[in-house]
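Ligands are counted one by one from 1 in listed order, and the atoms in each one are counted from 1 as well. Residues: numbered from 1 along the sequence shown.
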Amino acid sequence: MQEAKYYKSDNKKTVTCKLCNHYCVISNNGVGVCKNRVNKNGKLYSLNFGKPIAQNIDPIEKKPFFHFLPGSSTYSIGALGCNFLCANCQNYDISQAEELEKKNEILNYVTPMRILEEALGNGCKSISYTYSEPTIFAEYALEIMKLAHKHKLKNVWVSNGYMSKELLNDIIPYLDAINIDLKSFDEKFYKKICNSKLKPVLDNIRILKEEQVHLELTTLIIPDYSDSISVISEIADFIATELDEDTPWHLSKFSPDISWKMKNLEATSEDIIYEAYEVAKDAGVRYVYVGNIPGDQKENTYCSKCGELAIRRFGYQIERLDVKGHCFNCDRSLDIVE
Ligand code: SF4
């Protein structure tokens, strides 16, 4: 256990955690919503500091990032716990694990330097903080992020975007790219399905865009919950008007078999995904992608000016037809970070 960085003691017994927008008030020996921060006599401790539950080399496309270091490998780490309780979670064995104190105790401590060495030794161009919400292992992530920049490796987060302003300010100088799971544009969805709020996520997305962190968004389209075309249209307008038409948006198909508490639903019909794709395109979003439909042509990158195929995707394999991030036909930029 390591003392947490983002909290304040309210009195001898109670602390307020300031790591994410839940701002949990935690009584003595209690834990926050994420079950990962424990108050011991007025001091807040992180249970998962230095305790990755998963370490893998992944294609960056798997996160997904389609416009950031395409075709590169990323060293991915994740820790136990999450600050959301999404019923649709597809990584719930990690994110919603119980008895975190006991489970973290038996995991090996891995130094930030060891993570860096593994990333460099395996030819990765970046380190991804992923699998579960990186906010809940942020102190550990930040130490690795600082080392990564010293050694010219990029840092990418795959996040629900619910971090506090205090944490966001601290990570932005070291954060090169982030994929935020924008689950819906409906506050009721966030409250009912995720036990959280939409507004702080939108506020953080705006800040990240202003700060010029490379941003991609993902929306999982769940039948009856987040498949409303009018809500999808609202997200598309938000991207095109408040962010930037060049922000890549991934529209993913839901599969009940791998979900935490939605196993009784049907898989999303591909027709709905295609309809959402067209709505996004019509709103002006330039780079829209379908997800979890292997081999679909809508996973490819097309030039937003002349429509030529620029990057072909087969699962996580890619074939580049562009010329240094520009369309080979009309030379328009494809808005790719190399
Ligand atoms: S990280 Fe968020 S959910 Fe966890 S204790 Fe802190 S405020 Fe609560």
* Hey, is the main chain of L220 close enough, under 3.5 Å, to the side chain of S226 for a donor-acceptor pair? -> yes

Under 4.0 Å from a heavy atom of [X]: give me the atoms of ligand 1 that qualify, with their elements.
X: L19; answer: 1 (S)
X: G32; answer: 5 (S)
X: V33; answer: 3 (S), 8 (Fe)
X: C24; answer: 3 (S), 5 (S), 7 (S), 8 (Fe)
X: R37; answer: 5 (S)

* Asked: When you measure from atom 3 (S) of ligand 1 to every protein heavy atom, which one gives the shortest distance, and what is it?
  ->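 I find the closest protein heavy atom is C34 N, 3.5 Å.
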
* Structure fact -> Closest to atom 6 (Fe) of ligand 1 among protein heavy atoms sits C17 SG, 2.3 Å

* Stacked cation flag K183 on F189, 6.0 angstrom / 45 deg ->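 No.
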
* Roughly how far, to the nearest 0.5 Å, is NZ of K35 from CG of L85? -> 6.5 Å

Parallel, tilted or perpendicular: rings of [Y] and [X] (30°, 60°):
X: H250; Y: F66; value: perpendicular
X: F137; Y: Y129; value: tilted
X: Y162; Y: F84; value: perpendicular

* Might you work through the side-chain contact (heavy atoms from CB on, under 4.5 Å) test for S76 and K63, ending with a clear yes or no? => CA-CA 9 Å; S76 303; K63 302 295 109 190; 3.1 Å; yes

* To do: Look at the N, O or S atoms of C20, main chain and side chain alike, and state whether any lies under 2.8 Å from atom 4 (Fe) of ligand 1.
  => no

* Asked: What do we get for Y6 next to ligand 1 when only non-hydrogen atoms under 4.0 Å count, side chain, backbone, both or neither?
  -> neither

